J.: 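Dropping the structure in here first, questions after.
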Amino acid sequence: NAGVMQNPRHLVRRRGQEARLRCSPMKGHSHVYWYRQLPEEGLKFMVYLQKENIIDESGMPKERFSAEFPKEGPSILRIQQVVRGDSAAYFCASSPLGGGALPYNEQFFGPGTRLTVL
Amino acid sequence: QKEVEQDPGPLSVPEGAIVSLNCTYSNSAFQYFMWYRQYSRKGPELLMYTYSSGNKEDGRFTAQVDKSSKYISLFIRDSQPSDSATYLCAMSAKGAQKLVFGQGTRLTINP
C-alpha cells in the first residue's frame, strides 16, 4: 500500500511565478491536510480538505494561496506570485476519517515538497 | 505566546542514555497528544499518541501527559544512533482535525 505521494519533491521558482504542489493521499483516505514547515520551525497547519470541499482553511494566508481536492485526481496547493518568504517545505497528510472520531485519527504524512523561491 | 512550546535543542547524548523530550502548551482544549519523529529531508512519522492524561509505553518509548500542568514528555530508553532525528510534539482538540506542532527538538545519539 503506497503512502502519501507528493510531487514534485523539489521546486524552484522565481519571484512572481506560480507554484503548484500536488498530493495524492493514501488509498482509501478521503481527508487531506496541508502543513508548511519553515526552516528550523515546526509544522504549521494551513488547510484541511475533503473531496471537493474545504473544511478548515484557518491557516491559509489570505492572498495568493489556494487549495483544492477535486473528485478525481490529487489535491493541489497553489501559490500565486511567489515571494522569497514562501520558501519552505510543504507537507501533505491524509487520514481515513474526520471529525473527532476515537481513537485518534492518525494523519499520515508525505515526504514533502521543498519550494525555493529565487 | 505560542500555543505549543518545545525546546529546539540541539540535544546530543551518548548511546544507551535515557532521553527526555518535553513540550508545554497553553490551550486547555487539547485532548490528543502526539509525538512525531522526522528524519532529515523526510516527512514526520507518528511515534506515539495519548488521549487525555496518563502514560503510554511502547518498547523503548514512553509518553506522559500531565494536563494539570499542561506538560507532555517523551522518554527514550537505551537510546540508539538510529534514534537520531528531530522529534516534534503535536496536539489537537477533540473534534478538531488540525494538529498544532511544537518547534521540534533535534536529537543526536552518539555511538
Side-chain angles (χ1 to χ4, degrees), chain A residues 3-7 9-10 21 23-26 29-50 53-60 67 88-114, chain B residues 2-11 21-25 27 29-54 56 58 63 65 72 85-107:
Chain A
V4 177
M5 309 281 283
Q6 289 189 250
N7 65 81
R9 294 293 307 275
H10 301 274
L21 287 62
C23 169
S24 296
M26 287 180 68
H29 289 192
S30 57
H31 300 256
V32 165
Y33 316 79
W34 286 93
Y35 293 83
R36 176 165 64 175
Q37 186 174 36
L38 294 169
E40 307 301 323
E41 291 192 18
L43 282 75
K44 305 289 186 192
F45 169 81
M46 299 182 74
V47 63
Y48 161 42
L49 310 102
Q50 296 176 26
N53 290 301
I54 296 175
I55 307 301
D56 181 355
E57 57 181 347
S58 59
M60 286 279 270
Y90 291 82
F91 290 96
C92 168
S94 71
S95 69
L97 298 169
L102 289 177
Y104 167 66
N105 188 27
E106 181 179 354
Q107 296 181 20
F108 296 81
F109 282 82
T113 293
R114 277 154 186 84
Chain B
K2 294 180 181 179
E3 275 190 289
V4 180
E5 299 274 3
Q6 182 177 7
D7 186 341
L11 182 61
L21 303 168
N22 312 291
C23 290
T24 59
Y25 63 96
N27 188 346
F30 289 146
Q31 296 275 1
Y32 295 99
F33 304 92
M34 284 71 72
W35 286 95
Y36 281 83
R37 178 173 61 195
Q38 185 177 23
Y39 291 112
S40 181
R41 301 290 183 179
K42 303 289 185 184
E45 56 176 336
L46 182 67
L47 265 180
M48 299 185 71
Y49 83 89
T50 309
Y51 172 62
S52 196
S53 285
K56 190 170 185 178
D58 184 1
V65 174
I72 71 169
T86 296
Y87 289 79
L88 299 140
C89 63
M91 309 175 188
S92 69
K94 188 175 181 180
Q97 287 299 304
K98 69 178 184 182
L99 300 179
V100 181
F101 283 85
Q103 186 177 353
T105 300
R106 185 179 298 177
L107 173 66

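Within every chain, numbering begins at 1; the chains are lettered A, B, ... in the order of the sequence lines, protein sequences first and strands thereafter. Computed from a predicted structure; not experimentally measured.
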J.: How about Met5(A): does its CE atom have over 12 heavy atoms from other parts shown lying under 6.0 Å from it?
T.: no

J.: Could you pull out the closest heavy-atom pair between Arg114(A) and Arg41(B), with the gap in Å?
T.: CD-NH1, 3.1 Å

J.: Heavy-atom distance under 4.5 Å to chain A: side chain of Gln38(B), backbone, both or neither?
T.: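 When you check distances to chain A, only side chain atoms of Gln38(B) fall under 4.5 Å.
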
J.: With a 4.5 angstrom heavy-atom cut-off, which part of Lys98(B) approaches chain A: side chain, backbone, both or neither?
T.: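 Both backbone and side chain.
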
J.: Is there a ring pair (Phe, Tyr, Trp, His ring centres under 6.0 Å) between Tyr35(A) and Phe101(B)? Walk through the geometry before answering.
T.: CA-CA 10 Å; Tyr35(A) 293 83; Phe101(B) 283 85; 5.7 Å; yes

J.: Out of curiosity, Phe109(A) CZ to Glu45(B) CD, how far, rounded to the nearest 0.5 Å?
T.: 11.5 Å

J.: Got a sec: does the NZ of Lys42(B) have more than 12 other heavy atoms crowding it under 6.0 Å?
T.: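 For Lys42(B), atom NZ is not crowded (no more than 12 foreign heavy atoms under 6.0 Å).
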
J.: Examine whether an atom of Gln6(A) lies under 4.5 Å from a heavy atom of chain B, and if so say whether it belongs to the side chain, the backbone or both; otherwise answer neither.
T.: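 Neither; nothing under 4.5 Å.
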
J.: Would you give the length of the straight line joining atom CD of Gln103(B) to atom CG of Leu38(A), rounded to the nearest 0.5 angstrom?
T.: 11.0 Å

J.: Can you name the closest pair of heavy atoms from Phe45(A) and Leu99(B) and give their distance?
T.: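 Taking every non-hydrogen atom into account, CB-O, 4.0 Å.
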
J.: Heavy-atom pairs under 4.5 Å with chain B: which of Lys44(A), Gln37(A), Arg9(A) has the most?
T.: Gln37(A)

J.: Looking at every non-hydrogen atom in both residues, tell me the closest pair between Gly42(A) and Leu88(B) and how far apart they are.
T.: CA-CD2, 4.1 Å

J.: Under 3.5 Å, is there a donor-acceptor pair between the Tyr49(B) and Glu106(A) side chains?
T.: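 There is no such pair (donor and acceptor under 3.5 Å, judged by atom type) between the side chains of Tyr49(B) and Glu106(A).
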
